[in-house]
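Throughout, residue positions are numbered sequentially from 1 according to the sequence presented. What you are looking at is a predicted structure, and each value in this text was computed from that prediction instead of being measured.
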Amino acid sequence: MKQLTLILTYLLVVSACNSVKRNQKMLLQGNYDEAIELAVKKISNDRNDKQVGQHILLLEEAYAKAVSDDNRRISYLQKLNTPEAIRERYYIYRRLVQRQDRIRPLLPLTNPITGQQAYFSMADYTNALVQAQGDFADALFTEANGLMQKNTVLDYRDAYEVLEELKSVQSNYPDVDRLLDDARFYGTDFVLVTLNNRSNVIMPRGLEQELLNFNTFNLDNFWTEYHSERQRDVTYHFGIVLNFRDIAFSPERVGEREFKRSKTIIDGFRYKLDRNGNKIKDEDGNYIKIDIEKDVTARITYTTQTKSVLVGGDVTYRDLQSGRNIDKHPLSSEFVFENVFARFRGDERALTDEDRRMVRNEFIRFPTNAQMLLDAGDDIKARLKGILKENSFR
């Protein structure tokens with residue numbers, strides 16, 4: 001137990017030394033805020049730790065250098081009036097405030113090495129931060145408006161990102177919610193999906209509705225919305241046309257296969273007799289039984305009903321602004337109806353387990369062509385969904 005305690009103590013000392021070295025390295029590399037974060041964590045966890053004094057010294061140095069660098073950078077940025085400078089100035093003021101808030105819970109902080117209280121220069125950045133926030137918000141608003149005035153889909157999307165940042169900086173900025181809605185609407189690709197049945201087969205109305213029910217496709221993303229019917233006040237940039245060119249049904253087929261089954265089974269028992277015809281007992285005093293084997297046979301006929309439908313066509317992508325086709329992908333699907341049942345003659349005990357399952361099946365009325373198409377709908381829809389997911393517009 002004593003040895004285990006010594007080992008744990010040694011590991012803790014090594015870990016503490018390593019954290020000090022790591023903090024010193026961060027400081028030398030100029031990663032002041034990372035050094036501050038590590039020092040605050042170590043000091044908060046245990047103020048009685050032997051290394052806490054070194055962490056306090058490192059914290060003082062990292063804090064002073066970080067504040068000095070930030071103030072020097074602000075002085076430079078104040079001479080500029082570019083959107084980039086306004087943005088950076090705001091985020092530096094935020095960083096100054098957050099850094100102070102990270103230190104305050106530790107104060108007052110006495111260094112056990114020097115016996116003195118650690119010193120951290122604190123300032124009230126409220127007015128400066130409010131001013132920087134207002135300047136940044138105005139700059140973002142101007143930038144978003146400029147992008148929206150270009151009146152292109154991609155610029156509206158860029159404007160949306162700028163407005164989102166504006167809302168995070170100042171949530172009550174005038175008109176920001178309305179502009180977000182506008183940027184989202186005008187930055188969205190509205191896609192009109194239509195279906196053309198160019199085969200000579202009437203497609204069930206239910207299948208058309210299912211294929212055009214894009215609410216069940218889960219395809220809409222933030223910047224793309226699919227419609228199967230034109231909506232008022234919506235400009236459609238792209239179109240998707242589902243062209244069904246071939247719908248072919250196979251004949252209703254019934255096939256039969258006959259098999260012979262044979263098996264040796266146990267069909268009762270007889271007692272073992274001695275030469276005099278007397279029953280023989282085993283060592284426990286029980287009469288010895290001998291199984292009676294019997295060969296049984298049966299003939300079983302498997303009947304298979306099959307019917308299939310093959311649907312062929314393509315998915316055409318169109319640029320509705322220019323009126324031209326921009327891409328095309330083949331779309332094909334096959335659905336097969338199959339039912340298998342069986343009948344037998346002879347001794348049922350000769351049948352296999354599979355035979356017995358098939359014997360319980362019955363003849364089923366063949367589905368109509370319309371029903372076959374509806375049944376094929378799930379596969380068609382899955383293939384269509386795959387095409388649309390793999391091929392975006394922008």
Any donor-acceptor N/O pair, Asn391 side chain to Ile387 backbone, under 3.5 Å: yes
Arg318 (side chain) donor-acceptor with Phe238 (main chain) under 3.5 angstrom: no
CD1/Ile202: more than 12 non-hydrogen atoms of other groups inside 6.0 Å: no
Exercise: do Asp135 and Gln131 side chains pair donor with acceptor under 3.5 Å: yes
Ring centres under 6.0 angstrom apart (Tyr226, Phe190): no
Nearest-0.5 Å distance, NE2 of residue His55 to OG of residue Ser44: 11.0 Å
Check: Asp319 side chain, Gly323 main-chain N or O, donor-acceptor pair, under 3.5 Å: no
Main-chain N/O of Asn276 paired with Asp274 side-chain donor or acceptor, under 3.5 Å: yes
Partners passing side-chain contact (heavy atoms from CB on, under 4.5 Å) against Ile364 (at least two apart in sequence or in another chain): Gln305, Phe337, Asn339
hydrophobic_cluster_shared for Val336 and Leu310, side chain cutoff 4.5 Å: no
Ring-face cation of Arg184 near Phe222 (centre distance under 6.0 Å, axis angle within 45°): yes
Within 6.0 angstrom of Glu293 CD, more than 12 heavy atoms from elsewhere: no
Exceeds 12 heavy-atom contacts within 6.0 angstrom, atom CZ of Arg365: no
Test item: Asp284 side-chain N/O and Asn286 main-chain N/O as donor-acceptor pair under 3.5 Å: no
Lys381 bridged to Asp378 by N-O distance under 4.0 Å: no
Check: Ile300 and Val359 side chains under 4.5 Å, non-hydrogen atoms: yes
Can you give me every donor-acceptor pair (side chain of residues 64-72, partner residue at least two apart or in another chain, under 3.5 Å) with its distance?
from: Lys65; atom 1: NZ; to: Glu61; atom 2: OE2; distance (Å): 2.9
from: Ser68; atom 1: OG; to: Arg72; atom 2: NH1; distance (Å): 3.3
from: Asp69; atom 1: OD1; to: Arg72; atom 2: NH2; distance (Å): 2.4
from: Asp70; atom 1: OD1; to: Arg95; atom 2: NH2; distance (Å): 2.8
from: Asp70; atom 1: OD2; to: Arg95; atom 2: NE; distance (Å): 3.4
from: Asp70; atom 1: OD2; to: Arg99; atom 2: NH1; distance (Å): 3.0
from: Asp70; atom 1: OD2; to: Arg99; atom 2: NH2; distance (Å): 2.8
from: Asn71; atom 1: ND2; to: Val67; atom 2: O; distance (Å): 3.3

Shortest non-hydrogen contact from Pro112 toward Ile56: CD-CD1, 4.1 Å
Common cluster, Leu106/Leu57, ILVMFWY with side-chain heavy-atom separation under 4.5 Å: no
Neighbour count >12 (heavy atoms, 6.0 Å) for atom NZ, Lys263: yes
Validation row: Ile292, Ile266 side chains within 4.5 angstrom (heavy atoms): no
Closest non-hydrogen atom pair, Ala35 against Ala62: CB-CB, 4.1 Å
Lys/Arg-Asp/Glu bridge criterion (N-O < 4.0 Å) met for Glu258, Arg299: yes
Whether Asp177 side chain and Asp181 backbone form a donor-acceptor pair below 3.5 Å: no
Asp189 versus Thr224, side-chain donor and acceptor atoms under 3.5 Å: no
Lys/Arg-Asp/Glu bridge criterion (N-O < 4.0 Å) met for Arg87, Glu84: no
Inter-residue atom distance Tyr236.OH - Leu320.CG, 0.5 Å rounding: 10.0 Å
Gln133 (side chain) donor-acceptor with Val169 (main chain) under 3.5 angstrom: yes
Note: Arg357-Asp353 ion pair, threshold 4.0 Å (strictly below): no
Thr297 to Ser262 - nearest heavy-atom pair and separation: CG2-CB, 3.9 Å
Asn200, CG: over 12 other non-hydrogen atoms inside 6.0 angstrom: no
Nearest-0.5 Å distance, CD of residue Gln78 to CZ of residue Arg73: 12.0 Å
Over 12 non-hydrogen atoms of neighbours within 6.0 angstrom of OH in Tyr76: no
Any side-chain heavy-atom pair of Leu211 and Ile380 under 4.5 Å: yes
Residues Thr316 and Asn325: side-chain donor-acceptor under 3.5 angstrom: no
Distance-only side-chain donor-acceptor flag, Asn172 / Lys167, under 3.5 Å: no
Salt-bridge criterion met for Glu362 and Arg343 (N-O under 4.0 Å): yes
Flag, side chain of Asp175 to backbone of Arg178, donor-acceptor distance under 3.5 Å: no
Residue pairs fulfilling ring-ring contact (aromatic ring centres under 6.0 Å, His included) with at least one residue in residues 281-331, sequence neighbours excluded: Phe259-Tyr302, Tyr271-Tyr287, Tyr317-His329, Tyr317-Phe393
Residues Arg360 and Asp355 bridged, charged N to O under 4.0 Å: no
Polar contact flag, side-chain donor to acceptor under 3.5 angstrom, Ser308-Ser250: yes
Exam field: side chain Tyr32 to backbone Met26, donor-acceptor pair closer than 3.5 Å: no
From Leu107 atom CG to Gln100 atom CD, the distance as rounded to the nearest 0.5 Å: 10.0 Å
Separation between CZ of Arg104 and CG of Leu109, rounded to the nearest 0.5 Å: 14.5 Å
Side chain to side chain, Leu38 and Arg22, heavy atoms closer than 4.5 Å: yes
Distance-only donor-acceptor check, side chains Asn145 and Gln149, under 3.5 Å: no
Atom NZ of Lys279 with >12 non-hydrogen neighbours under 6.0 angstrom: yes
Rounded distance (nearest 0.5 Å) linking atom CG of Leu180 with atom CG of Leu163: 5.0 Å
Close side-chain approach of Leu129 and Arg94, heavy atoms under 4.5 Å: yes
Cation-pi check, Lys307 onto Phe366 ring (under 6.0 Å, within 45° of axis): no
Heavy atoms of other groups near Gln321 CD, more than 12 under 6.0 Å: yes
Exam field: side chain Arg349 to backbone Val296, donor-acceptor pair closer than 3.5 Å: no
Leu207 versus Gly377, closest heavy-atom pair with distance: CD1-CA, 3.6 Å
Heavy-atom side-chain proximity of Lys25 to Gln29 below 4.5 angstrom: yes
Ring geometry between Phe120 and Tyr63 (parallel below 30°, tilted from 30 to 60°, perpendicular above 60°): perpendicular
Any side-chain donor near an acceptor of the partner, Tyr156 and Asn151, under 3.5 Å: yes
Any side-chain donor near an acceptor of the partner, Glu225 and His227, under 3.5 Å: yes
Shortest non-hydrogen contact from Phe136 toward Glu165: CZ-OE2, 3.5 Å
Closest contact, heavy atoms only, Leu80 versus Arg89: O-NH1, 4.3 Å
